[in-house]
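If you're wondering where the values come from, they're calculated on a predicted model, not measured in any experiment. Throughout, a chain's letter reflects where its sequence line sits, starting with A, and its residues are numbered from 1. We use all heavy atoms of the structure for the numbers below, so side chains are in, but hydrogens, waters and symmetry mates are not.
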There are 2 protein chains.
Amino acid sequence: MTILPRRSRLTGASSSDRGLPNATVARLPLYLRALTQLRSQGSQTCSSDQLAESTGVSSANVRKDLSHLGSHGTRGVGYDVDHLRAEIAQAIGQTQDWNVVLVGAGNLGTALAAYPGFTSRGSRIVAVVDADPARVGEQVGDLAIESIDHLETIITERAVSIAIVATPGQAAQTVADQLVGAGVTSILNLAPVALRVPEGVDVRQVDVAAELQILAYHEQRKGHPREEAEVSR
Amino acid sequence: MTILPRRSRLTGASSSDRGLPNATVARLPLYLRALTQLRSQGSQTCSSDQLAESTGVSSANVRKDLSHLGSHGTRGVGYDVDHLRAEIAQAIGQTQDWNVVLVGAGNLGTALAAYPGFTSRGSRIVAVVDADPARVGEQVGDLAIESIDHLETIITERAVSIAIVATPGQAAQTVADQLVGAGVTSILNLAPVALRVPEGVDVRQVDVAAELQILAYHEQRKGHPREEAEVSR
DNA sequence: TCGATTTTGTGAACGCCTTCACCAACTCGT
DNA sequence: ACGAGTTGGTGAAGGCGTTCACAAAATCGA
């Protein structure tokens with residue numbers, strides 16, 4: 001009666017294939033960032049200690065992560081910056097640019113559309129859509145806002161596989177359903193709700209308000225001294 | 001996952017005191033959100049299954065988390081929504097509003113300043129500062145941009161203990177140093193760099209570009225079918 | 001060439017977190 | 001009152017990830 005449980009939604013580090021541990025994958029972008037900076041400073045090699053320094057990860061952890069790539073540094077020397085960069089870029093699919101559709105042209109959406117940091121890091125926003133007909137046609141960055149009704153066409157014709165959801169909370173699930181229906185299999189959700197998506201679709205959640213609440217918890221435990229009379233000057 | 005990219009220095013769930021596991025703390029905001037919604041829908045009680053449903057956490061995990069609060073649901077019935085809300089709110093310090101200073105009035109900064117979701121979830125932005133003198137005085141939301149030179153005064157006089165850093169990457173470390181020097185002990189960093197802070201200061205990192213890169217990794221492993229000729233119509 | 005030094009790669013230990021399995025406690029219908 | 005159905009609490013087991021500690025491999029100076 002015992003059936004082998006199929007891997008969970010997205011946690012699955014799973015099987016024997018070339019899959020990297022999830023925790024490692026989450027740190028690869030950090031290494032890439034650091035390596036880019038080191039390169040621009042002229043370094044040709046770097047040690048795990050240097051990478052640790054500039055990413056906040058422990059050096060042992062850096063080495064373990066990089067060893068998963070099959071990457072070979074040189075003992076006594078360190079890693080070749082260019083080579084390692086290329087290797088990580090390949091691992092996370094940075095050899096190509098990924099086309100991204102941004103749903104929701106509110107404050108946050110427009111801010112993201114204008115952010116130059118995506119392009120330099122492997123993603124390109126190729127469309128901004130909004131549900132409000134009044135906004136359609138409006139220029140945001142170098143893109144014009146399009147109607148959400150055209151979502152499916154946009155996604156298929158522009159080879160979009162990743163979407164950013166920056167709508168109000170109430171709309172997010174509906175939008176997600178449309179996205180999934182149109183073939184999107186990766187969603188970055190900035191709306192403060194948990195999205196329900198079918199197996200095989202990845203969702204990553206970013207919730208700034210929640211992050212603040214987490215900080216508040218720790219702050220409270222420190223005894224939030226600002227509440228009492230100024231003690232430390 | 002978030003996860004997080006998690007900070008090494010503060011990971012200590014540690015000792016015998018009232019500390020909750022870090023993973024639990026990170027989920028409390030989700031429960032709070034879900035409970036607020038359930039309440040607005042008229043529910044007076046809810047089961048761990050319902051909470052699991054609306055947060056994406058497993059029901060066993062929900063129960064374990066809530067048990068850490070010492071919270072007592074009623075078997076066969078569930079949890080009292082109002083009571084549980086109050087209990088979680090207390091745990092994460094939502095009984096008061098936390099004063100937050102926002103550094104950096106760029107696209108992202110102004111978007112956050114206008115976001116209404118903070119106030120309803122325990123944080124209140126009480127100042128927006130920017131390094132550009134030309135921006136000082138400009139209105140953003142219902143606050144006027146102030147000079148970053150006044151940071152220390154602002155922080156002490158307005159009892160700020162949490163800061164959001166939304167500056168360009170190059171400026172982030174300098175800003176963080178100033179913040180820490182002025183007494184801030186919790187930082188939410190939106191700049192794409194790792195901040196170095198002294199022990200006792202908490203940093204949480206939010207990096208949208210990195211999240212996209214993580215999604216791209218998984219997308220690549222799915223075989224990004226959009227790269228091939230349209231097979232599935 | 002040799003010894004001192006640097007730095008990677010990695011097995012093993014450890015710790016945190018999740019999941020499982022099941023008991024206890026409550027409701028409801030009859 | 002009782003039995004069936006529901007739901008929370010929790011110890012135990014298992015998995016994942018980090019840290020530790022050290023051997024192996026490279027450089028460098030003399």
Pair R121(B) + D207(A), salt bridge at N-O below 4.0 Å: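 Judged by the 4.0 Å cut-off on N to carboxylate O distance, R121(B) and D207(A) do form a salt bridge.
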What is the separation between atom [atom1] on [X] and atom [atom2] on [N], rounded to the nearest whole Å?
X      : N       : atom1 : atom2 : value
H68(A) : dG9(C)  : NE2   : P     : 12 Å
D65(B) : dT19(C) : CG    : C1'   : 13 Å
H72(A) : dA25(D) : NE2   : P     : 12 Å
L69(A) : dT8(C)  : CG    : P     : 14 Å
Q50(B) : dT6(D)  : CD    : P     : 14 Å
H83(A) : dT8(C)  : NE2   : P     : 15 Å
L84(A) : dT7(C)  : CG    : P     : 16 Å
D49(A) : dT6(C)  : CG    : P     : 11 Å

Under 4.0 Å from OP1 or OP2 of [N]: is there any side-chain N or O of [X] that close?
X      : N       : value
S48(B) : dG8(D)  : yes
Y79(A) : dT6(C)  : no
N61(B) : dC17(C) : no

Compare the minimum distances between each of dG17(D), dT10(D), dT19(D) and the side chain of R63(B), then state the nucleotide with the smallest one.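 Closest of the options to the side chain of R63(B): dT10(D).
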With the criterion being N/O to N/O and under 3.5 Å, what pairs connect the protein with nucleotides 26-30 of chain C, and how long is each?
| residue | atom | partner | partner atom | Å |
| --- | --- | --- | --- | --- |
| dC26(C) | O4' | R75(B) | O | 3.1 |

Side-chain contact test, heavy atoms from C-beta onward, threshold under 4.5 Å: evaluate it for [X] versus [Y] and give yes or no.
X       : Y       : answer
L20(B)  : D65(B)  : no
L215(B) : R204(A) : yes
N99(A)  : R124(A) : yes
H68(B)  : K64(B)  : yes

Using the rule given for side-chain hydrogen bond (donor to acceptor under 3.5 Å, both in side chains), can you reason through D202(A) versus S186(A), listing the C-alpha separation, both sets of side-chain angles and the distance that settles it, and then say yes or no? CA-CA 5 Å; D202(A) 288 340; S186(A) 291; 4.6 Å; no
What about K64(B): does its side chain form a donor-acceptor pair under 3.5 Å with the base of dG8(D)?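 Result: no qualifying N/O pair found.
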Near R196(A) CZ, under 6.0 Å, is it more than 12 heavy atoms from other residues, nucleotides or ligands?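 Count not over threshold, so no.
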